Amino acid sequence: QLQLVESGGGLVQPGGSLRLSCAASESSFARYTMGWYRQAPGKSRELVATITSGGTTDYADSVKGRFTISRENAVNTVYLQMNSLNFEDTAVYYCNARRGTTYYVEFWGQGTQVTVSS
């Protein structure tokens with residue numbers, strides 16, 4: 001069982017920046033595709049960004065050019081650098097790890113709150 005713990009959320013003004021971290025519990029972290037999802041009040045959970053074990057990234061259109069996902073396998077951590085934040089970025093942000101096809105496994109963190117407000 002892979003444990004994921006998010007941190008770095010908080011209150012930020014529009015146009016500001018925030019960096020989220022997701023720490024994994026074991027070295028097998030390097031084999032997983034990692035992702036950040038978010039869920040705003042009254043909305044379903046949506047994909048924000050992903051990064052594969054090889055470092056290939058993908059982003060939702062709404063965050064392209066503003067957010068950057070990265071990973072540091074030596075410390076079992078994935079990051080989400082968020083710049084130019086706006087009100088619509090307010091949500092609980094969740095870290096996700098997934099691996100496999102025939103024998104698929106997926107894990108989630110507990111979430112961290114990001115609030116963008118003036």
Side-chain angles (χ1 to χ4, degrees):
Q1 184 83 359
L2 184 66
Q3 303 288 101
L4 302 173
V5 179
E6 302 98 330
S7 62
L11 178 65
V12 64
Q13 293 184 333
S17 298
L18 211 58
R19 189 187 72 164
L20 306 183
S21 298
C22 174
S25 61
E26 58 187 59
S27 59
S28 61
F29 163 86
R31 301 172 62 188
Y32 289 85
T33 291
M34 303 299 299
W36 286 98
Y37 292 71
R38 66 186 181 187
Q39 187 167 18
K43 295 185 177 181
S44 60
R45 190 172 300 185
E46 65 174 349
L47 177 66
V48 176
T50 61
I51 183 166
T52 69
S53 60
T56 301
T57 60
D58 195 21
Y59 299 90
D61 288 341
S62 60
V63 306
K64 285 182 179 178
R66 300 190 298 121
F67 291 10
T68 302
I69 188 171
S70 62
R71 67 194 301 160
E72 192 171 0
N73 289 341
V75 293
N76 300 332
T77 303
V78 63
Y79 306 97
L80 185 67
Q81 178 66 47
M82 304 184 293
N83 300 325
S84 302
L85 287 161
N86 56 60
F87 299 135
E88 293 190 352
D89 296 318
T90 295
V92 177
Y93 284 71
Y94 296 91
C95 182
N96 169 268
R98 63 182 187 270
R99 188 186 73 198
T101 53
T102 302
Y103 192 30
Y104 180 82
V105 293
E106 186 175 48
F107 304 99
W108 292 91
Q110 83 289 347
T112 184
Q113 177 71 49
V114 172
T115 302
V116 184
S117 177
S118 60

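When reading the values below, keep in mind they use all heavy atoms of this one structure, side chains included, and skip hydrogens, waters and symmetry mates. Positions are given from 1 along the sequence. Every value quoted in this text rests on a predicted model; they were computed, and no experiment measured them.
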What's the separation between atom [atom1] in [X] and atom [atom2] in [Y], rounded to the nearest 0.5 Å?
X      : Y      : atom1 : atom2 : answer
Phe107 : Met34  : CZ    : CE    : 10.5 Å
Ser62  : Asp89  : OG    : CG    : 7.5 Å
Thr56  : Ile51  : OG1   : CD1   : 8.0 Å
Thr50  : Trp36  : OG1   : CH2   : 13.5 Å
Thr90  : Gln113 : OG1   : CD    : 7.5 Å
Asn96  : Leu4   : CG    : CG    : 8.0 Å

Find out if a path of hydrophobic residues (ILVMFWY) with successive side-chain heavy-atom gaps under 4.5 Å connects [X] to [Y].
X      : Y      : answer
Leu20  : Val92  : no
Tyr94  : Tyr32  : no
Leu47  : Trp108 : yes
Val78  : Val75  : no
Val114 : Tyr37  : no

Of all heavy-atom pairs between [X] and [Y], which one has the smallest distance, and what is that distance?
X     : Y     : value
Asp61 : Lys64 : OD1-NZ, 3.2 Å
Ala49 : Leu80 : CB-CD1, 4.4 Å
Ala40 : Ala91 : N-CB, 3.8 Å
Ser17 : Ser84 : OG-N, 4.4 Å
Pro14 : Phe87 : CG-CE2, 3.3 Å

Fill in: Arg38 side chain near Glu46 side chain, heavy-atom distance below 4.5 Å
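When only atoms from C-beta onward are counted, Glu46 and Arg38 do touch, with a gap below 4.5 Å.
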Worksheet item: Can you tell if the side chain of Met82 reaches within under 4.5 Å of the side chain of Val12, non-hydrogen atoms only?
Response: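 A side-chain contact is absent here, since even the closest heavy-atom pair is not under 4.5 Å.
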Backbone N or O of [Y] within a donor-acceptor pair of the [X] side chain at under 3.5 Å?
X      : Y      : value
Ser117 : Thr115 : no
Tyr59  : Ile69  : yes
Glu6   : Gly111 : yes

Item to complete: Answer yes or no: does atom CD of Gln13 have more than 12 heavy-atom neighbours from other residues, nucleotides or ligands under 6.0 Å?
Response: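 No - once you tally the heavy atoms of other residues, nucleotides and ligands closer than 6.0 Å, there are 12 at most.
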Worksheet item: Between Arg31 and Leu2, does a side chain to side chain contact (heavy atoms under 4.5 Å, CB included) hold up when you go through it step by step?
Response: CA-CA 11 Å; Arg31 301 172 62 188; Leu2 184 66; over 6 Å; no
Worksheet item: Parallel, tilted or perpendicular: which fits the ring planes of Phe67 and Tyr93, with parallel below 30° and perpendicular above 60°?
Response: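 Plane angle between 30° and 60°, so tilted.
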Discussion item. Can you confirm if the NZ or CZ of Arg71 lies within 45° of the ring axis of Phe29 and under 6.0 Å from the centre of its six-membered ring?
Written reply: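 Yes.
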Discussion item. Which residues pass the side chain to side chain donor-acceptor pair (under 3.5 Å) test with Gln81, not counting sequence neighbours?
Written reply: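 Side chain to side chain donor-acceptor pair (under 3.5 Å) check on Gln81 returns Asn83.
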Worksheet item: What residues, two or more places apart in sequence or in another chain, satisfy side-chain contact (heavy atoms from CB on, under 4.5 Å) together with Gln3?
Response: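 With sequence neighbours excluded, Gln3 shows a side-chain contact (heavy atoms from CB on, under 4.5 Å) to Gln1, Ser25, given in chain and number order.
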